[in-house]
Amino acid sequence: MLRTHTCGQINLDDVGKKVMLAGWVSSIRDHGNIIFFDLRDRYGITQIVCNLPELTPELLELVNKVRQEFVIQISGSVVARSPETVNPKISTGSIEVILEDAKILNTSDALPFEIQEGENIGENIRLKYRYLDLRRDSIKENIIFRSDFTLKMREFFSSENFVEIETPILTKSTPEGARDFLVPSRLNPGSFYALPQSPQLFKQMLMISGFDRYYQIARCFRDEDLRSDRQPEFTQVDIEMSFIEEQDIMDISERLIKYSVEKTSNIKVDVPFPRLTYKKAIEKYGTDKPDIRFGMEIIELSESMANSGSSIIESVLQEGGRVKGLLIENGESISIKDVDNFNEFVKQKGGKGIGWIRFRENEIASPIKKSLKEQTIKNLRESLKITPGSLLFFLGGETSWVCNILGEMRTEIAKKLNLVKEEIFKFLWVVDFPLFEINPDEDRIQCVHHPFTSPQYDDIDTLDKDPLKIKSRAYDLVLNGIEIGGGSIRIHQRKLQEKIFSILGMKPEEYNEKFGFLLDALGYGAPPHGGLAFGLDRMVMILRNEESIRETIPFPKTQKGVCLLSGAPSPVDRKQISDLHIKVDFQTKQ
RNA sequence: GGGGCCGUAGUUCAGCGGAUUAGAAUGCCGGACUGUCGAUCCGGAGGUCGCGGGUUCGAACCCCGUCGGCCCCGCCA
């Protein structure tokens with residue numbers, strides 16, 4: 001070993017010991033006859049003291065050569081610091097090591113940015129030199145947290161009798177869903193593997209095999225555009241169980257999260273998590289992933305605004321639409337400009353604009369003040385228990401359109417008014433999703449989750465009578481307004497699965513070609529089963545209070561899907577292409 | 001595919017109603033200093049102002065294009 005201790009380990013108990021340390025020089029404070037080095041490794045920082053007059057000429061020369069981020073090995077004696085020189089900021093701050101010998105294990109070029117936390121460094125430069133960025137505290141702590149967190153999850157799974165099983169990375173492309181990453185097959189000209197969007201079908205196979213409790217911390221791949229919470233490759237904590245119902249999956253998920261979160265942080269997780277139906281979520285929050293850290297729910301105003309005197313409102317109601325609104329209690333901090341922006345937003349979404357009323361002590365302000373009836377104002381004040389300074393937005397139109405817009409406004413206003421002040425963590429199950437929805441672009445029916453999700457309906461023969469009315473046995477887990485997990489009870493009967501495929505518009509030849517292996521497998525005694533998957537990167541992001549998933553991934557990609565460290569993706573040799581029996585159809589730009 | 005913000009020293013940023021020697025802080029290099037821990041003090045080096053084109057007597061600054069990073073919409077069963 002090149003060291004007897006780590007740089008975060010030595011304390012007052014070690015005073016008097018001879019120690020050997022190795023690490024990176026993170027700070028050099030040169031006082032002429034005395035030099036202090038901060039020696040850093042993964043575990044912490046230890047101050048090394050060089051009393052130059054006491055050093056041999058060789059050692060003196062070496063010490064003078066040392067620069068930031070050199071890798072050095074030192075040996076010396078641990079001494080207690082005098083009280084006035086104790087540094088309470090570091091764990092080893094009450095001791096220091098008096099240098100007796102040293103060796104430069106490696107030098108370092110001048111750095112592209114400072115390792116010490118301080119100014120925010122541009123992300124492009126951080127990603128290019130990610131190995132240096134990862135020496136910095138905040139990102140390093142995130143990566144270590146991620147490891148601790150998954151370890152606790154594994155502990156939990158193990159204690160609950162789960163089996164961890166790996167599934168293929170080179171697998172079969174399946175239609176629908178996200179765009180696949182494809183891998184050409186050299187041995188099978190013209191055929192392609194796809195990287196898995198999730199291990200969905202394999203974990204169902206494992207249930208059929210009898211591994212009734214499976215989990216995997218699985219890498220998944222989706223070739224879609226990136227966002228601050230989306231990367232083309234990401235990690236799911238994937239779970240599947242047999243002989244269970246929704247309640248069992250939710251229960252084990254809650255216990256898993258409680259265990260792993262509470263063992264790795266100071267965050268308290270209250271279980272069970274509240275549940276909200278999809279319908280209620282849309283009605284109250286305008287989204288299927290509501291942030292319930294604050295109220296300001298969407299309110300129904302159709303009745304109270306019915307005879308308000310506003311012609312727009314009345315025509316909306318006559319056409320069968322609804323009027324809904326948001327009541328902002330300290331609405332004075334929403335400026336005219338903000339209101340204009342919301343108005344513009346609504347127009348972009350195809351509306352006529354947003355209505356609003358500011359309630360003051362004895363008067364109101366509103367663009368439709370003149371036409372608004374006294375009685376309407378009075379009713380609103382009473383029924384909504386309005387306090388002076390409140391701002392009421394209202395919007396009329398088709399219900400889901402109205403809810404959707406108000407939902408987005410709700411999030412925006414909460415951000416503006418800083419309604420979420422403290423760090424809190426509100427988990428929420430959203431249940432009773434519809435099984436199908438209409439894809440408006442292609443005017444066809446598609447699954448809200450995936451086609452293996454079981455309906456809340458067991459009459460196979462009448463399933464296609466009114467498929468849009470049927471609910472699914474799916475559930476999503478939402479944390480602070482971000483979807484962090486989702487799952488369902490699956491279809492375990494061949495006939496039902498075939499029926500679903502046919503409702504989706506697939507002919508038997510088509511579903512047999514694409515999903516024949518699943519249908520065959522369901523035919524050999526598939527047990528009732530279900531599961532869910534968590535987005536690990538997103539969970540870590542939220543728990544660490546980060547704005548981007550990239551702060552939880554050691555080597556993430558940029559918005560254009562490029563790895564700035566390695567340069568991937570990159571052109572390849574002609575030979576490599578021809579071996580794969582493919583041609584590149586791309587005009588290189590001149 | 002679309003909208004927005006950004007790109008100036010190694011880094012973070014200022015300068016941008018056109019003409020300046022393109023600045024600051026920090027880092028880097030050299031020197032001084034025996035108790036610092038964001039050390040301090042003195043000195044120094046360091047810039048194709050992302051790239052290309054245009055307007056102009058003159059462009060970091062105005063215009064067009066392009067590349068790159070970020071945020072968002074679409075997309076993400």
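Residue numbering restarts at 1 for every chain, and letters A, B, ... go by the order of the sequence lines.
- For E119(A), whose side chain is taken as the heavy atoms from C-beta onward, the closest listed nucleotide among C28(B), G68(B), U12(B) is U12(B).
- When the shell of 6.0 Å around NZ of K514(A) is examined, it contains more than 12 heavy atoms from other residues, nucleotides or ligands.
- What separates CD of E224(A) from P of C76(B) is a distance of 6 Å, to the nearest Å.
- Among the atoms of the strands shown, only primed sugar atoms or phosphate atoms (P, OP1, OP2) are found under 4.0 Å from some heavy atom of P112(A).
- Atom CD of E114(A) is separated from atom P of U26(B) by 10 Å (rounded to the nearest Å).
- As judged by a 4.0 angstrom heavy-atom cut-off over every strand, A110(A) is placed among residues making no nucleic acid contact.
- Within the nucleic acid shown, Q47(A) comes within 4.0 Å of at least one base atom, counting heavy atoms only.
- The same atom, C1', is picked in U12(B) and in A59(B); the two are 25 Å apart, to the nearest Å.
- Each of P53(A) and I28(A) lies near RNA chain B, and the nucleotide nearest P53(A) is the one positioned closer to the 5' end.
- Counting non-hydrogen atoms under 4.0 angstrom, T558(A) reaches the backbone sugars and phosphates but no base.
- Comparing the same atom, C1', in G58(B) and in C67(B) gives a spacing of 27 Å after rounding to whole Å.
- Atom CG of N120(A) and atom C1' of G7(B) are 17 Å apart (whole Å).
- Checking A39(B), C70(B), C71(B) against every side-chain atom of E123(A), the shortest atom distance belongs to C70(B).
- Taking every side-chain heavy atom of K560(A) into account, G68(B) is the closest of C75(B), C37(B), G68(B).
- Phosphate contact (OP1/OP2 of C73(B), side-chain N/O of R227(A), threshold under 4.0 Å): present.
- Heavy atoms of E84(A) sit nowhere under 4.0 angstrom from any nucleic acid atom.
- In this structure, D30(A) reaches the bases: a heavy-atom distance under 4.0 Å links it to at least one base atom across the strands shown.
- Here the separation of G46(B) from C5(B), taken at their P atoms, is 36 Å to the nearest Å.
- Using a 4.0 Å heavy-atom distance criterion, S82(A) is classed as making no nucleic acid contact.
- Contact annotation for Q348(A): no contact, since no heavy-atom pair falls under 4.0 Å across all strands.
- With rounding to whole Å, L132(A) atom CG is found 17 Å from G10(B) atom P.
- Looking at R494(A) and E498(A), a side-chain N of the basic residue comes within less than 4.0 Å of a carboxylate O on the acidic one, giving a salt bridge.
- Residue R29(A) has its side chain nearest to A39(B) when only G35(B), A39(B), C75(B) are considered.
- Straight-line distance between the C1' atoms of C16(B) and C6(B): roughly 15 Å, to the nearest whole Å.
- With a cut-off of 3.5 Å on both pairing distances, G46(B) has no Watson-Crick or G-U wobble partner at all.
- With both ends at atom P, the span from A39(B) to A45(B) equals 24 Å, rounded to whole Å.
- In this structure, the nucleotide among G38(B), C75(B), G27(B) sitting nearest to the side chain of K89(A) is G38(B).
- Nucleic acid contact for R550(A): sugar-phosphate only, since backbone atoms but no base atoms lie under 4.0 Å from a heavy atom of the residue.
- Looking at K337(A) and E344(A), no side-chain N of the basic residue comes within less than 4.0 Å of a carboxylate O on the acidic one, giving no salt bridge.
- Rounded to whole Å, the separation between the P atoms of C13(B) and U55(B) comes to 34 Å.
- Between the side chain of Q236(A) and the main chain of C220(A), no donor-acceptor pair closer than 3.5 Å is present.
- Using modelled atom types, one side-chain atom of N64(A) and one backbone atom of L60(A) make a donor-acceptor pair closer than 3.5 Å.
- Of the candidate nucleotides G74(B), C37(B), G69(B), G69(B) has the atom lying nearest to any side-chain atom of L564(A).
- Using a 4.0 Å heavy-atom distance criterion, L111(A) is classed as a sugar-phosphate-only contact.
- Nucleotide U26(B): paired with G10(B) (Watson-Crick or G-U wobble, both distances less than 3.5 Å).
- Taking atom P on both G69(B) and C64(B), the two are 23 Å apart, rounded to the nearest angstrom.
- Whole-Å rounding puts the E546(A) CD to C71(B) C1' distance at 16 Å.
- Ion pair R544(A)/E551(A) not flagged as a salt bridge, since none of the NZ, NE, NH1 or NH2 atoms sits closer than 4.0 Å to an Asp/Glu carboxylate oxygen.
- Summarising the geometry, the separation between CD on Q116(A) and P on A25(B) is reported as 19 Å, rounded to the nearest angstrom.
- Of the candidates U34(B), U11(B), C37(B), the closest approach to any side-chain atom of N33(A) belongs to U34(B).
- When distances run from any side-chain atom of D225(A) to the nucleotides A39(B), G1(B), C70(B), the shortest one goes to G1(B).
- Look at C5(B): its Watson-Crick or wobble partner, with both distances under 3.5 angstrom, is G69(B).
- Within 4.0 Å of I35(A), counting heavy atoms only, lies no atom of the nucleic acid at all.
- Relative ring orientation between F515(A) and F501(A) is described as parallel, the plane-to-plane angle staying below 30° on a 0-90° scale split at 30° and 60°.
- Once the 5.5 Å centre distance and the 30° plane angle are applied, the aromatic ring of H31(A) is found stacked with the base of A39(B).
- Nucleotide C62(B) has G54(B) as its partner under the Watson-Crick or G-U criteria, with both atom distances under 3.5 Å.
- A side-chain donor-acceptor contact under 3.5 Å links R222(A) to the backbone of Q197(A).
- Comparing the P positions of A19(B) and C41(B) gives a spacing of 35 Å, expressed to the nearest Å.
- For U36(B), the base has a donor-acceptor partner in the side chain of R81(A) [N/O atoms by modelled type, under 3.5 angstrom].
- Toward the 5' end of RNA chain B, the nearer of the two residues K349(A) and E54(A), judged by each one's closest nucleotide, is E54(A).
- The base of C76(B) sits with one of its N or O atoms less than 3.5 Å from a complementary donor or acceptor on the side chain of R230(A).
- Between the CZ atom of F234(A) and the C1' atom of C76(B) there is a distance of 9 Å, given to the nearest Å.
- Residue E96(A) places its side chain closer to U36(B) than to any other of G69(B), U36(B), C37(B).
- Using a 5.5 Å limit on the distance between ring centres and a 30° limit on the angle between planes, the aromatic ring of F36(A) counts as stacked on the six-membered base ring of U36(B).
- Nucleic acid contact class of R67(A) (heavy atoms, under 4.0 Å, all strands): sugar-phosphate only.
- For S228(A) and C72(B), the shortest distance from a side-chain N or O to OP1 or OP2 is below 4.0 Å.
- Side-chain N/O atoms of Q559(A) include one lying less than 4.0 angstrom from OP1 or OP2 on C71(B).
- R490(A) pairs with exactly one of Q497(A), E240(A), H529(A) by the side chain to side chain donor-acceptor pair (under 3.5 Å) rule, that one being E240(A).
- Relative ring orientation between F452(A) and H450(A) is described as tilted, the plane-to-plane angle lying within the 30° to 60° band.
- For the pair Q68(A) CD and C37(B) P, the interatomic distance rounds to 15 Å; values are reported in whole Å.
- Across the strands present, G38(B) finds no partner; the criterion is a Watson-Crick or G-U wobble pair with both atom distances under 3.5 angstrom.
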